[in-house]
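Notes for the one structure printed next.
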Amino acid sequence: LLYSELNSRIKQLYLLISKLIEKKKVVVISGDYSFNSIALVFALSQHKCVFIPIISSNESEISKKIEVSKPDYIINSKTLSITNLSNADIDKNPYYLKLFESDKSGLVLFSSGSTGDPKAMVHDFENLLGTYLNVKTKNLNFLVFLMFDHIGGLNTMLNVLSMGSTMIIPQKREPELIGELIQKHRVNILPASPTFLNLMNIGG
């Protein structure tokens with residue numbers, strides 16, 4: 001897929017969101033990396049929403065994250081179905097209100113929860129985007145391995161897009177498959193954890 005197609009998809013999803021979701025709402029993007037999920041990030045940002053990427057399939061984890069972040073809507077990035085959670089009357093996080101008052105979009109990410117329940121961290125998404133301005137174009141092939149709901153994964157995505165590079169999205173994060181994709185697409189950069197890179201070496 002081309003950047004022009006991504007731009008068209010962002011416009012299409014912005015129109016869809018504008019009809020079904022009011023401005024300045026809190027919206028979960030449910031799903032991992034995909035053409036739609038990437039386009040939804042920018043469509044929701046244009047609509048001045050706070051978006052929350054969640055890729056977990058663990059119902060208990062999802063429920064906890066929803067309870068903490070109090071979203072108004074959930075969008076399934078695969079089906080584009082929109083669920084209204086009827087949270088309009090719930091008191092919003094003051095950080096959400098600060099972003100909305102400034103007419104800015106936001107991003108919510110969660111801690112790993114390794115020492116307890118996951119903790120939500122609210123970011124000014126437009127400030128984050130500003131760090132990628134004036135980046136030089138580079139003809140590189142990136143494999144987006146880190147998760148879509150992780151700051152490292154989003155950093156990779158924004159780096160790729162800002163440089164006009166090529167993004168390879170794996171269907172599964174398994175060493176053998178990743179190795180095949182690296183060879184097939186001549187991947188230049190694979191942002192991954194040391195643990196996974198060790199698995200790649202063992203598998204090789």
Side-chain angles (χ1 to χ4, degrees), residues 6-56 61-77 80-113 115-135 146-162:
L6 176 60
N7 189 46
S8 295
R9 193 59 171 154
I10 292 169
K11 291 177 180 177
Q12 290 170 357
L13 292 181
Y14 178 76
L15 290 175
L16 173 68
I17 289 166
S18 299
K19 292 176 182 177
L20 300 175
I21 296 176
E22 307 93 313
K23 274 192 172 185
K24 301 181 179 180
K25 293 296 181 181
V26 183
V27 183
V28 166
I29 301 175
S30 176
D32 204 349
Y33 279 112
S34 69
F35 189 56
N36 278 342
S37 62
I38 294 169
L40 280 168
V41 165
F42 294 98
L44 288 167
S45 176
Q46 288 178 22
H47 203 49
K48 303 303 177 183
C49 290
V50 171
F51 67 92
I52 309 166
I54 297 179
I55 68 169
S56 175
E61 181 182 345
I62 294 170
S63 295
K64 285 180 181 178
K65 289 183 175 180
I66 287 175
E67 181 182 354
V68 169
S69 57
K70 296 180 173 59
D72 300 296
Y73 295 89
I74 298 175
I75 300 180
N76 184 303
S77 63
L80 296 180
S81 60
I82 298 176
T83 303
N84 186 338
L85 299 179
S86 301
N87 279 342
D89 296 329
I90 293 178
D91 289 340
K92 294 300 182 192
N93 184 306
Y95 291 104
Y96 296 164
L97 298 178
K98 185 177 180 180
L99 287 168
F100 294 151
E101 288 167 4
S102 302
D103 201 33
K104 288 187 172 184
S105 58
L107 160 68
V108 175
L109 297 174
F110 289 88
S111 65
S112 63
T115 57
D117 289 341
K119 294 178 176 62
M121 296 165 282
V122 184
H123 303 265
D124 181 327
F125 186 62
E126 293 178 33
N127 274 358
L128 182 62
L129 285 179
T131 64
Y132 296 91
L133 293 175
N134 304 316
V135 175
L146 299 173
M147 300 292 189
F148 182 60
D149 59 356
H150 184 279
I151 189 62
L154 288 171
N155 177 60
T156 302
M157 180 190 80
L158 294 173
N159 261 315
V160 173
L161 298 178
S162 64

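No side-chain donor-acceptor contact under 3.5 Å links Ser77 and Ser37.
For the pair Val28/Ile62, no side-chain contact is recorded, criterion being any heavy-atom separation below 4.5 Å from C-beta on. Considering only heavy atoms from C-beta on, Asp103 comes within 4.5 Å of Lys24 through its side chain. The shortest distance between side-chain heavy atoms of Lys65 and Ile54 falls below 4.5 Å. A heavy-atom distance below 4.5 Å is not found between the side chains of Asn7 and Phe42. With a 4.5 Å cut-off on side-chain heavy atoms, Ile10 and Gln46 count as touching. Side-chain contact between Ile17 and Val27 is absent, with no heavy atoms from C-beta onward closer than 4.5 Å. Residues Leu85 and Pro71 meet the side-chain proximity criterion, which asks for heavy atoms closer than 4.5 Å. When side chains are defined from C-beta on, Val50 does not count as touching Lys92, because their heavy atoms never get closer than 4.5 Å.
If you take OG on Ser69 and NZ on Lys64, they are separated by 14.0 Å, rounding to the nearest 0.5 Å. A distance of 8.5 Å separates CG of Leu16 from CZ of Arg9, quoted to the nearest 0.5 Å. Here CG of Leu97 is found 7.5 Å from CZ of Phe100. Values are rounded to the nearest 0.5 Å. With values rounded to the nearest 0.5 angstrom, Leu44 atom CG is found 6.5 Å from Ile21 atom CD1. Summarising the geometry, atom CD1 belonging to Ile66 is positioned 8.0 Å from atom OG belonging to Ser30; distances are rounded to the nearest 0.5 Å. Of the inter-residue distances, the one linking Leu146 atom CG with Thr156 atom OG1 reads 5.0 Å to the nearest 0.5 angstrom.
Each of Phe125, Tyr96, Phe51 was checked for a side chain to side chain contact (heavy atoms under 4.5 Å, CB included) with Val108, and the lone residue meeting it is Tyr96. If you run side chain to side chain contact (heavy atoms under 4.5 Å, CB included) between Ile29 and each of Val41, Asn36, Ile75, Ile74, only Val41 comes through.
Pairing each heavy atom of Leu154 with each of Tyr33, the nearest pair is N-OH, 3.7 Å. Between Cys49 and Glu22 the shortest heavy-atom distance is SG-O, 4.2 Å. In terms of heavy atoms, Asp32 sits closest to Phe148 at OD1-CB, 3.4 Å. Closest approach of Gly31 to Ile55, counting heavy atoms only: O-CG2, 3.1 Å. The two residues Pro53 and Leu107 have their closest heavy-atom pair at CD-CD1, 3.7 Å.
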| request: Before giving the answer on side chain to side chain contact (heavy atoms under 4.5 Å, CB included), spell out for Lys104 and Asn127 the whole-Å C-alpha distance, their side-chain angles and the decisive distance to 0.1 Å. | output: CA-CA 9 Å; Lys104 288 187 172 184; Asn127 274 358; 3.4 Å; yes
| field | side chain to side chain contact (heavy atoms under 4.5 Å, CB included) between Phe110 and Val68, intermediate numbers included | value | CA-CA 10 Å; Phe110 289 88; Val68 169; 4.2 Å; yes
| query | Can Leu40 and Leu80 be said to form a side chain to side chain contact (heavy atoms under 4.5 Å, CB included), step by step? | reply | CA-CA 10 Å; Leu40 280 168; Leu80 296 180; 4.2 Å; yes
| said: Applying side chain to side chain contact (heavy atoms under 4.5 Å, CB included) to Leu13 and His47, what does each step give before you reach the verdict? | reply: CA-CA 10 Å; Leu13 292 181; His47 203 49; over 6 Å; no
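Within 6.0 Å of atom OH in Tyr14, more than 12 heavy atoms from other residues, nucleotides or ligands are found, so the atom counts as buried in its surroundings.
Counting only distance, with no hydrogens or angles, the side chain of Asn155 and the backbone of Ile151 share no donor-acceptor pair below 3.5 Å.
Using a 4.0 Å cut-off between charged nitrogen and carboxylate oxygen, Lys48 and Glu126 count as a salt-bridge pair.
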